[in-house]
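See below for the structure under consideration.
Since we're looking at a predicted model, the values are computed, not measured. As the structure lists them, so they are numbered: ligands from 1, and atoms in each ligand from 1. Numbers for residues simply follow the sequence, beginning at 1.
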Amino acid sequence: MHTMNNSWFALSLLFLCFSLKTYVSFGVDTISANQTLSGDETIVSAGGDFVLGFFKPGKPSNYYLGMWYGKVSVQNVVWVANRENPFSDKYSSVLRISDGNLVLFNEAQEPVWSTNLTSTSASSLEAVLLDEGNLVLRELSGNSSTSLWESFDHPTHTWIPGMRMRLDKRTNVSQRLISWKNIEDPAPGLFSLELDPNGSNSYFILWNGSRSHRYWSSGPWNENQKLFDDVPEMRAN
Ligand SMILES: *[C@@H]1O[C@H](CO)[C@@H](O)[C@H](O)[C@H]1NC(C)=O
Ligand SMILES: *[C@@H]1O[C@H](CO)[C@@H](O)[C@H](O)[C@H]1NC(C)=O
Ligand SMILES: *[C@@H]1O[C@H](CO)[C@@H](O)[C@H](O)[C@H]1NC(C)=O
Ligand SMILES: *[C@@H]1O[C@H](CO)[C@@H](O)[C@H](O)[C@H]1NC(C)=O
Ligand SMILES: *[C@@H]1O[C@H](CO)[C@@H](O)[C@H](O)[C@H]1NC(C)=O
Ligand SMILES: *[C@@H]1O[C@H](CO)[C@@H](O)[C@H](O)[C@H]1NC(C)=O
């Protein structure tokens with residue numbers, strides 16, 4: 001009985017160590033100037049709600065940088081950086097701050113994705129993953145920080161609360177959510193969701209990016225009833 005207790009104790013201790021190790025190595029929400037993210041490493045938002053790291057949705061050799069929920073056991077990707085430019089070796093590919101941007105380099109150390117900012121001082125930048133699911137590149141000065149780039153301004157295929165889907169009224173270009181090509185390929189697929197460029201406060205789903213192939217409409221926003229006119233189901237909640 002004594003031995004039994006001891007082995008249980010040892011087992012629990014071992015388990016605890018593993019849990020602690022996992023917790024500690026996952027306990028970072030920031031990539032600062034001299035840090036990198038590579039291989040199986042991840043950063044996790046402070047409250048554990050979102051995770052950023054490399055993932056492989058299909059083909060063994062196609063890896064992507066993405067964000068998924070931290071408290072949902074099934075990996076459910078909500079944002080993808082290099083949608084059209086997968087890399088093949090996750091251990092030699094790296095995400096780091098480079099020349100004032102957050103840049104993802106593939107195995108040949110070629111950039112496959114970047115925040116693409118042109119004018120930053122590049123002095124003290126860091127990227128932080130916030131609990132709302134927003135990856136923010138910010139500039140630190142003293143004890144304050146200025147946001148330079150946010151993934152909330154660059155939705156890919158999933159809208160999460162707080163994300164901004166804009167219509168640029170000068171160019172009539174509206175930001176779109178675009179479906180994946182298929183379940184194994186996050187490259188932009190055939191369906192997209194955008195705000196009506198005519199300003200009717202409707203959302204449209206377009207087929208193959210064409211405004212003349214409107215596949216679905218939410219109907220205009222109805223401020224009195226707090227729903228879209230053609231989505232009466234919204235009343236339920
Ligand atoms: C980054 O590393 C360089 C060289 O190792 C060092 O001089 C610099 O102070 C470091 N910067 C930060 C922000 O840690
Ligand atoms: C960054 O800019 C380059 C050149 O203008 C462009 O080809 C690329 O698609 C941009 N990347 C992102 C992530 O916007
Ligand atoms: C930031 O720093 C300034 C002085 O450098 C100080 O007066 C101020 O209280 C600090 N603010 C915070 C939130 O720590
Ligand atoms: C925008 O509105 C004009 C006039 O109200 C209409 O003719 C046109 O078809 C609309 N365009 C779209 C994309 O709904
Ligand atoms: C944007 O689209 C609307 C409706 O189709 C049109 O009235 C307006 O002239 C367009 N603006 C530009 C800058 O193309
Ligand atoms: C989608 O549109 C492009 C042109 O914009 C065309 O080349 C392509 O064949 C279309 N795809 C489908 C499935 O129709």
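- Side-chain contact check for Arg138 versus Glu126: some heavy-atom pair is nearer than 4.5 Å.
- A heavy-atom distance below 4.5 Å is not found between the side chains of Tyr63 and Asp89.
- Here is the list of ligand 6 atoms found below 4.0 Å of a heavy atom in Asn208: 1 (C), 2 (O), 3 (C), 8 (C), 10 (C), 11 (N), 12 (C), 14 (O).
- Less than 4.0 angstrom separates atom 1 (C) of ligand 6 from at least one non-hydrogen atom of the protein.
- Side-chain contact between Asp196 and Phe204: present, with at least one pair of heavy atoms (C-beta onward) separated by less than 4.5 Å.
- A salt bridge does not link Lys90 with Glu107: every distance from a Lys NZ or Arg NE/NH1/NH2 to an Asp or Glu carboxylate oxygen is 4.0 Å or more.
- Atom 9 (O) of ligand 6 lies below 4.0 Å from none of the non-hydrogen atoms of the protein.
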